[in-house]
Amino acid sequence: MKLKYVRKYMIIVCLLITFALTGCGEEASQEYYDLMQDSIQDDVGIKYSNVEDIAELLNDELDKGTSGDVSIYVTKEVGEDDLRKVNYSLDTTKGYVNTITTYSSDDSSGELPEIRKVDFSIVRSDSLYVYDYIVKGKEIPSDKENAKKIADVCKDFLSKNITSDMSDYDKELAIHDYIVETTDYGVSDAGDDSEFNAYGVLVNKKAVCSGYAAAFNLLAECSGLESIVVSGQAEDDNGVNVIQNHAWNQVKIDGKWYNLDVTWDDPVGNAYDMITHEYFNLDDEIFLISHSWNSEDYNKCDSMNANYYNKQGKFFSDYNAFTIFMKAEFTGALKTETECALKDVEITDESLQFIYDINGVTNASYTKTGTDKYCIISVYINQ
């Protein structure tokens, strides 16, 4: 099961003043509360009224290298539940909120005050230290051992797999295939939550979707590509229509943005252990068949030019063209496996019987995923 990660954090509500003077009663307490609110409003500059603006501020602080407490004032429109969700609006490749402390005077009505102070304890991600080290030449702090381990793996990968004359597409493909080939889907055996970040993929070699997305994003940015992490929902790709939280990437290739899901290209439970490219550079129309997200928060992806199957000459919208391709692939049994994409072509067991008539084929099996609108066929012979 591919689940979006959940950060661990704690809400500490600190009531700085619970004021009651003997003999003064509720009227005096409310008067004091009102005076406190007036004083706060006079002293406060910027006041935040939504989580999105708060997340933008925290992202900026993480970019600056801040790791520690950030204090702000929020209006009553920002509830406690809103504060608990701030990590969902953060760019978690940069860092995350560890604890939140809110301060307010005690309103006898039980309602949130007009303005209250909030302290966010933010933790800068190891990936950001690594990016600064590789791209900007900044040293990693001595106490960031995990960041140093990630950096060592990144440097080794980049030196062996990425060159200055490579196209953006070839860089993306190299990163994608490396992650799929070297990572097992699952949780950390150490119980350290590393499966949720790049450390799980690059060092422990075991992660869940957010770890896959974070690792791709880090390697992509260190290779000079534009990439972001997308948080949304997806239907379970094992054929069961279960909606679950999920994370993937959007990557910019030759000036156009594409959806990329490295996690779902890792063949969990695939007996043939074949690297797949089913979710490699899809437009929004096709990606929306199985994924959903707030499109206003992310890039529009309206091209299939850099789709893996288009680039490899394995994308067909005609059944006859598909059969010609399969015969060319398997004649003489020089290959034992292949995959391709079909658009608007209905595939059934009967329509694939021609494979058994190809010279050199003694047995065959196949997997089919997707819909008739966009279907991936993986075929294996003589195995």
Side-chain angles (χ1 to χ4, degrees), residues 2 4-5 59 90-94 125 127-128 130-131 134-135 150 154 157-158 161-183 197-198 201-202 207-234 237 246-266 275-312 314-315 341 374 376:
K2 300 170 175 62
K4 177 185 172 186
Y5 76 92
N59 279 328
L90 280 183
D91 181 350
T92 52
T93 62
K94 297 179 180 179
S125 74
S127 291
L128 204 51
V130 174
Y131 174 82
I134 291 177
V135 177
I150 296 172
C154 288
F157 168 81
L158 294 170
N161 297 280
I162 304 297
T163 61
S164 59
D165 61 344
M166 290 175 70
S167 68
D168 286 350
Y169 174 87
D170 287 335
K171 291 178 181 179
E172 178 194 13
L173 183 61
I175 297 167
H176 170 281
D177 288 0
Y178 169 78
I179 291 174
V180 172
E181 201 166 39
T182 60
T183 309
N197 53 56
V201 169
L202 299 175
V208 296
C209 60
S210 57
Y212 279 74
F216 177 87
N217 197 71
L218 176 59
L219 291 175
E221 291 187 334
C222 289
S223 300
L225 301 179
E226 288 188 58
S227 170
I228 62 171
V229 174
V230 179
S231 296
Q233 293 76 42
D237 66 338
H246 191 45
W248 59 91
N249 298 91
Q250 286 184 343
V251 59
K252 193 174 186 180
I253 303 296
D254 298 328
K256 295 182 181 296
W257 285 95
Y258 297 88
N259 296 295
L260 171 73
D261 193 335
V262 184
T263 311
W264 278 17
D265 277 346
D266 195 347
I275 295 177
T276 63
H277 302 84
E278 298 174 21
Y279 301 93
F280 192 100
N281 291 356
L282 296 177
D283 62 17
D284 289 342
E285 180 185 1
I286 292 176
F287 212 62
L288 279 166
I289 295 172
S290 55
H291 296 64
S292 61
W293 62 100
N294 188 348
S295 59
E296 294 181 357
D297 294 339
Y298 300 102
N299 302 293
K300 182 178 181 180
C301 303
D302 56 5
S303 174
M304 289 286 285
N305 290 344
N307 171 263
Y308 173 83
Y309 301 99
N310 263 337
K311 299 286 283 188
Q312 299 293 321
K314 298 180 178 182
F315 186 95
Y374 184 72
I376 308 301

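What you see below is based on every heavy atom in this structure, not just the backbone, and it leaves out hydrogens, waters and symmetry mates.
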Using side-chain contact (heavy atoms from CB on, under 4.5 Å), reason through Asn299 and Ile228 one step at a time and then give a plain yes or no. CA-CA 9 Å; Asn299 302 293; Ile228 62 171; 3.4 Å; yes
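- A side-chain contact (heavy atoms from CB on, under 4.5 Å) with Leu219 is found for exactly one of Cys154, Ser127, Ser227, namely Cys154.
- No donor-acceptor pair closer than 3.5 Å links the side chain of Asp254 to the backbone N or O of Asp168.
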Does the side-chain contact (heavy atoms from CB on, under 4.5 Å) test come out yes or no for Asn305 and Ile253, once each step is laid out? CA-CA 9 Å; Asn305 290 344; Ile253 303 296; over 6 Å; no
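- Between the CG atom in Asn217 and the CG atom in Asn249 there is a gap of 5.5 Å [rounded to 0.5 Å].
- A distance-only check finds a donor-acceptor pair linking the side chain of Tyr258 to the backbone of Ala306 [under 3.5 Å].
- The two residues Ala247 and Asp261 come nearest to each other via the heavy atoms O-OD1, 4.4 Å.
- Contact detail for Ala207 and Val201: the closest heavy-atom pair is CB-CG2, 3.5 Å.
- By the 4.5 Å heavy-atom criterion applied to side chains, Met304 and Ile286 are counted as neighbours.
- The structure places CH2 of Trp257 at 13.5 Å from OG of Ser303, a figure rounded to the nearest 0.5 Å.
- Atom CD of Gln233 sits about 4.5 Å away from atom OG of Ser292, to the nearest 0.5 Å.
- Tyr212 OH to Trp264 CH2: the interatomic distance, rounded to the nearest 0.5 Å, is 13.5 Å.
- Tested against Asn281 for a side-chain hydrogen bond (donor to acceptor under 3.5 Å, both in side chains), the candidates His176, Glu172, Lys311, Lys256 yield a single pass: Glu172.
- When all heavy atoms of Cys301 and Asn259 are compared, the pair lying nearest together is CB-ND2, 3.6 Å.
- What you find for Leu202 and Ala215 is that their closest heavy atoms are CG-CB, 4.2 Å.
- Between Tyr309 and Glu278 there is a side-chain heavy-atom pair separated by less than 4.5 Å.
- Between the side chain of Ser223 and the backbone N or O of Leu225, no donor-acceptor pair lies under 3.5 Å.
- Relative orientation of the Trp248 and Trp293 rings is perpendicular, given thresholds of 30° and 60° on the angle between their planes.
- Rounding to the nearest 0.5 Å places NE2 of His291 at 4.5 Å from NE2 of His246.
- Residue Thr276 forms a side-chain contact (heavy atoms from CB on, under 4.5 Å) with just one option from Val180, Ile376, Asp266, Asp265, and that option is Asp265.
- Of all the heavy atoms in Cys222 and Leu158, the pair that sits closest is CB-CD1, 4.0 Å.
- Ring geometry, Tyr308 versus His277: the interplanar angle falls under 30°, so the pair is classed parallel (tilted spans 30 to 60°).
- Rounded to the nearest 0.5 angstrom, Ile179 CD1 and Ile275 CD1 are separated by 11.0 Å.
- The side chain to side chain donor-acceptor pair (under 3.5 Å) test applied to Tyr298 returns no partner, not counting sequence neighbours.
- Heavy-atom minimum distance, Leu282 versus Asn307: CD2-ND2, 3.4 Å.
- A donor-acceptor pair under 3.5 Å links the side-chain atoms of Asn294 to the main chain of Glu296, judged by distance alone.
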